[in-house]
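Side chains included, hydrogens not; waters and symmetry mates left out as well; all remaining heavy atoms used. Quick caveat, the model's predicted, so the values are computed rather than measured.
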Amino acid sequence: MFRKRPPPEEERRVRANDREYNEKFQYASNCIMTSKYNIITFLPVNLFEQFQEVANTYFLFLLILQLIPQISSLSWFTTIVPLALVLSITAVKDATDDYFRHKSDNQVNNRQSQVLIRGLLQNEKWMNVRVGDIIKLENNQFVAADLLLLSSSEPHGLCYIETAELDGETNMKVRQSVSVTSELGDPNNLASFDGEVVCEPPNNKLDRFCGTLYWRDKKYTLTNQNMLLRGCVLRNTEFCYGLVIFAGPDTKLMQNSGRTKFKRTSIDRLMNTLVLWIFGFLVCMGVILAVGNAVWEREVGSLFQSYLPWDPPVDNFLFSAFLAFWSYIIILNTVVPISLYVSVEVIRLGHSYFINWDQQMFCSQCNTPAEARTTTLNEELGQVEYIFSDKTGTLTQNIMSFNKCSIDGQSYGEVSDPLGPQPKKLDFTPFNPLADPDFCFYDDTLLESVKVGDSHAHEFFRLLSLCHTVMSEEKSEGELVYKAQSPDEGALVTAARNFGFVFRSRTPGTITTTEMGRPVTYTLLAILDFNNIRKRMSVIVRNPEGRIRLYCKGADTVLLQRLHPCNQELMNITSDHLNEYAADGLRTLALAYRDLSEDEWEAWAESHRCADKATNCREDRLAATYDQIEQGLMLLGATAIEDKLQEGVPETIAILSLANIKIWVLTGDKQETAVNIGYSCKMLTDDMTEVFIISGHTVQSVRQELRRARERMVELSQTRHMGKEGWGEACFVGNGLRERQEGAGTGGGVKQLHCSPSPSNLMDNISGEFALVINGHSLAHALEADMETEFVSTACACKAVICCRVTPLQKAQVVELIKKHKKAVTLAIGDGANDISMIKSAHIGVGISGQEGIQAVLASDYSFSQFRFLQRLLLVHGRWSYLRMCRFLCYFFYKNFAFTMVHFWFGFFCGFSAQTVYDQYFITLYNIVYTSLPVLAMGIFDQDVPEQRSLEYPKLYEPGQLNLLFNKREFFICIAQGIYTSVVLFFVPYAILSDATQSTGVPLADYQTFAVTTATALVIVVSVQIALDTGFWTVVNHVFVWGSLGSYFTIMFALHGQTLFSIFPSQFHFVGSALSTLLQPVVWLTITLATAICIVPVLAVRFLKLDLKPQLADTVRYTQLLRQKKRKPVGRSVGGAWRGMGSMSEGRLGARGGSRRSGYAFAHQEGFGELITSGKNMRLSSLALATFASRHSSSWIDTLRRKKHTHTPTTASEESSPAPSCVSGSVPPLSNSSSLLGGSQDTPIEEETATGQNTQTVAASSTQAVPALAPDSEAPAPQGSAQTLSTADLTSTAVRCHGGDSSGGWIVTLGTVQEALFGWKGIAARTSVSSSSGTHSVAKETNHIE
């Protein structure tokens, strides 16, 4: 464990079969050790780690002070018992974790491997393998170390591996040995192999390796394609041999298993600050009491020296004051109890289990539950303001299907009549026995074209069958399984397979296909691999006739530039097709080829060999040679692949937007495709005020475009506010629609709209729905230091932001930018390896366990399988966790100040002698037994509104974003209440008992009676207080609250009884005190009076606050009670109205009109072949979250939001009064205006139904619009709840649901609810009736003014 580390390597030299030579370099052995302790080091190391925590060190310091008799008036066990308990619990947890690490390490280290030693293969444990050994691997075995592949059972030294443990991808990858070693398949030949490898030192780059093999006076270049990394599994290869290059901790797997960045929540940071403040307050109290001790000892204590002398070390009043200071530090230390930290961790653990156990976040299709991979960030889930999302696999399913194609100017795959009967799925089996039965295609003209021998169609599918990196596994004759590195490639190769061009197998030098039933083997001359700079890949093959041809596929933006001039006319036609496909949200590729002569091939091959062997700038040289040959191409056509949206994505984004969460999509897509996916997800709508596109190529052009966008926002915002003097008019620019708001100029609660905001507040008062789309090259300039502020200012004023063509690094930079400038909680969600940097940079990282492996999940804090679960994670679990933690902390600080400050007041009455008020056992047990469990139950189980209401009213989420429930103000309120309680608990018993007597005439003014009375009153008061604070009672709460109160009396009578006193007479001084005290009626009167004085003001303040300024949660709870008391019969519930249409989001309903766009996206890892990441346009023009009325209003919560962001250049449009807009078509928008906390609530208050959980969002089919249910309009409102609300009249508009029951199906809009609950007298109500085609909507608007 304490072994001295060797100096860092500059290069590594490894000689095969020569352990003595290799040991000179002190390379690490293959034994891994992820554990932290062993039996000997556990206790000292674990204690050392635990005392790194400031709190533990602080309590250890107090314990040392308590061991000094002259200082401590408390026994040492009052501190050591809770400290030992905390240390023990943490030590057990650490020991358990480390035990499992030891178990895992032993299992791995003891695996067997065949090592070539002195010409013989011997079984060795993995831990005994050394650098320079030659190992034999057999099929399905794990690779023991990072190996240089020497030879294999396959021809040309080929082998296949699965890298799931490295990158989470289950598809096979191919590796090949250097040609000179591929023939060393015999152990005898390998025993004589003495080649030397010089390579890079150990590092964590999984996709790169650079080295050179020196053997027989020649050198050979080594790349990552020659390496087998530890953690991989050998597949479909009988055996192979490898030379160990890196072992144990030096392997790339172990290099990548470093500790992830530790994330702390904002509450953690605030709590640390508050603890420091409390410690300062503790020191101040100690100083005050020490000064009092000095004064008292000098003025009064000196008079008692004859019979009350100072203790031996004390010889003057100053030294007495010094000792008194430390004594009071010990006594008053419970203002920061050690149990605080333990309780916080227990509560967080409970919240994590609730997430793991949530059946509504369990995906039955893939059998994947939600998982909280950390326990430290739960409450921060309730404070998220920005979500950064990947697209492919996160918003979309990442399941690709070949949808359309363009061949020689002819487009295939179109559906002739969307309204007519759908054509039948083509049956390829009679034509092609090797066809994939799951392949879906409907256009039979393409199949006929292939059957009649169209040369262009044949060449098109021949390209798809040859130009890829797919691996094929033929389990039985004709049963092919393709292992593709991206779903895109799999879809394209499968399409070629069904149309008669079947990819069968490959070797390093050949590709075998079956073309129209005839087997053909091509010689593979070169693969020009794909990366995110080239955006294309090519293969050069020689057909059986000897003709050499280059096949290329890639982004149309780069491929069309490399075409031969004679392709101009075909290129124009194909470009139109590409634009059509991209407008439909399809992922597109262009295909081309070029014939090469032998001379051209030989010349290029030589330049390629030189570039491949280069030691400097190898990648750049290879790219240049690739570019040289990929010119003068002949266009074949284009492909279009469909990637469907995940279920519930548009609804989820809409609901999260209502919660004032800004969603940014960071994707590798081309701009046009990214825009289309924005429309599909309802991030963008045709009714938006304006969508700004930033595509400048220079810093100046980007700056100008950003400034023009801001000026345009301000201009449109000023237009909207122009001429408003009590009567307001809101112009809607997007579709020319306008909505009027009218109200009495003198009406109570009407917020006047200002006509001309000052220039400094222009961006803060932006109203309207804007969107920003920015390209990767523009984003690179926008992220520069001098451009950051302008970019943030513009982007954060928009409702939606889409960054396209971004790299993984840029994703992380965008997240860091918002963290830096907005000081907001960020969440990043993704499913691929390219999302890891973004996930780790955000405050909270969420991984989607999808088609791209589990690497994003492994790097995340939370994981689940569907994007739609995000709304439940945030709006239910996150909000509850934040609420519970805030209530816990408020109560915890309150109860401890109420407990501790009694000692402070007592100091003025005991000569500042550091005498305690309570029995020392009560001091020990107060935080461990009497008050610990009730507050834990509240922190784990409490909730303000049910989960259905949390989803129905997204505005409930906003207090967490503004940190309203626990901040410095709330902290001081809790402290003030605690100090007030301590004053009452001390002075009321002191005043009453000082003159009280027992029934026998004996005075009650003794110390023990006072201590028992005060302690009993304290426990009762804090128990009643937590009963008032608890909003959701469970059996556990009842048992803990009343059980703790009962345990107090039980333990107190036991401690004050004769039994313990007879055994330990020197320890239990309060014998008989409890019984004699609590038998006195005056004591109970005192306790009752003190309790009333403490609790009644709290009740009064809460009642007035609820009556005069109700929170949204209060209003929701009130409406919940109304629903339970009075329900109207409804013909059909909202949940039932849309539940049957849940699957609509899976499909693509119609094509977007407007401009035609092409769409192409690229991967972020070379050789992984994920060429495009665009999604299908799901413009569900008839799908909306019914009837969210948009209103101009201003509320106290919006004011707080603007104040919070005054340090930033701007605030998002949601922070002001956004324009009326529509989610889709003419359906009213999902407005982000103010909430019912003081303004308007945009979510309808729906009638409680049996399917209440399904009323989160309301979807309508293409022939219906479903507004929301409303409760009884006759229900009274809480007094004062309408004081801050604007007055308007909402006309209820009823819409008959198509296909509803004959007796029902009528659903009322929000108007009656608003009038009943909040006194609103009118507001525009609007419904949407979509045409059956789903391509347009007719708006109906009704204005009614009383």
Side-chain angles (χ1 to χ4, degrees), residues 263-281 335-336 340-341 343-344 347-348 351 376-386 659-661 819 821-827 843-844 874 878-898 935 938-939 942-944 955-980 1025 1029 1031 1098 1101-1102 1105-1106 1109-1114 1195-1208 1211 1215 1234-1235 1237-1238:
K263 299 179 180 180
R264 300 188 70 88
T265 66
S266 57
I267 285 185
D268 274 335
R269 293 187 290 270
L270 175 61
M271 199 163 65
N272 289 338
T273 302
L274 296 181
V275 167
L276 291 176
W277 288 3
I278 291 174
F279 182 74
F281 180 67
V335 287
V336 192
L340 171 66
Y341 297 94
S343 301
V344 166
I347 290 172
R348 285 173 172 167
H351 295 168
T376 59
L377 302 176
N378 294 326
E379 64 268 18
E380 199 145 69
L381 288 171
Q383 299 179 277
V384 174
E385 288 190 60
Y386 288 87
N660 209 65
I661 298 174
K819 288 171 64 177
H821 288 275
K822 301 299 290 184
K823 308 296 183 186
V825 177
T826 58
L827 180 147
H843 292 99
I844 302 168
L874 298 184
R879 201 181 71 81
W880 278 353
S881 293
Y882 173 72
L883 171 80
R884 292 161 176 167
M885 186 59 70
C886 293
R887 288 185 175 179
F888 163 80
L889 291 173
C890 288
Y891 175 79
F892 206 94
F893 286 120
Y894 153 76
K895 76 179 181 69
N896 282 287
F897 267 79
V935 72
M938 182 180 71
D942 202 31
Q943 51 184 267
D944 54 348
K955 287 292 179 184
L956 287 167
Y957 191 78
E958 289 195 355
Q961 295 172 324
L962 299 173
N963 204 22
L964 296 179
L965 301 186
F966 185 75
N967 49 41
K968 294 172 183 176
R969 176 178 175 273
E970 294 295 324
F971 169 74
F972 285 119
I973 291 175
C974 298
I975 298 308
Q977 183 186 355
I979 293 175
Y980 166 76
Q1025 182 66 46
D1029 289 346
V1098 176
V1101 170
R1102 293 189 181 183
K1105 186 177 180 182
L1106 180 65
K1109 194 176 181 181
Q1111 305 280 316
L1112 176 57
D1114 302 326
S1195 68
W1196 65 275
I1197 203 165
D1198 291 319
T1199 304
L1200 280 176
R1201 186 177 298 286
R1202 281 194 288 272
K1203 287 180 180 179
K1204 178 186 176 186
H1205 294 296
T1206 50
H1207 65 282
T1208 63
T1211 57
E1215 296 163 15
S1234 58
S1235 70
L1237 288 165

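- Surrounding OH of Y980 are more than 12 heavy atoms belonging to other residues, nucleotides or ligands, all under 6.0 Å away.
- When side chains are defined from C-beta on, D944 counts as touching R879, because their heavy atoms get closer than 4.5 Å.
- The distance from atom CD1 of I347 to atom CD of E379, rounded to the nearest 0.5 Å, is 9.5 Å.
- L964 is not listed as a side-chain neighbour of E958, based on a closest heavy-atom distance of 4.5 Å or more.
- With respect to the salt-bridge test (charged N to carboxylate O, under 4.0 angstrom), the residues K1109 and D1114 do not qualify.
- With rounding to the nearest 0.5 Å, the separation of CD1 in I661 from OG1 in T826 is 12.0 Å.
- Here the side chain of Y882 pairs a donor or acceptor atom with the backbone of L965 at under 3.5 angstrom.
- Within the model, atoms CG of L381 and NE2 of H843 stand 12.5 Å from one another, a figure rounded to the nearest 0.5 Å.
- The main-chain N or O of R884 is never found under 3.5 Å from a side-chain atom of D942 such that the two would form a donor-acceptor pair.
- Considering only heavy atoms from C-beta on, L340 comes within 4.5 Å of F888 through its side chain.
- Taking CG of L270 as the reference point, atom CZ of F966 lies at 5.5 Å (rounded to 0.5 Å).
- A distance of 10.5 Å separates SG of C974 from CZ of R969, quoted to the nearest 0.5 Å.
- Contact detail for F892 and S343: the closest heavy-atom pair is CE1-OG, 4.1 Å.
- Between E385 and V825 the shortest side-chain heavy-atom distance does not fall below 4.5 Å.
- Annotation: cation-pi pair K895/F893 absent, no NZ/CZ under 6.0 Å from the ring centroid and within 45° of its normal.
- Contact check for W277 versus I975: no side-chain heavy atoms found under the 4.5 Å cut-off.
- Here the closest non-hydrogen pair linking D1029 and M938 is CB-SD, 3.9 Å.
- Other residues, nucleotides and ligands place more than 12 heavy atoms under 6.0 Å from the CZ atom of R269.
- Across all their heavy atoms, V384 and I844 have their closest contact at CG2-CD1, 3.9 Å.
- Not a single donor-acceptor pair under 3.5 Å links the side chain of T265 to the backbone N or O of L377.
- No donor-acceptor pair under 3.5 Å is formed between the side chain of Q383 and the backbone N or O of N963.
- Within the 4.5 Å cutoff, the side chain of L274 has no heavy atoms near those of the M271 side chain.
- Considering only heavy atoms from C-beta on, V275 comes within 4.5 Å of Y341 through its side chain.
- Rounding to the nearest 0.5 Å places NZ of K968 at 6.0 Å from OG1 of T273.
- Annotation for G1031 and R887: closest pair N-NH1, 3.9 Å, computed over non-hydrogen atoms.
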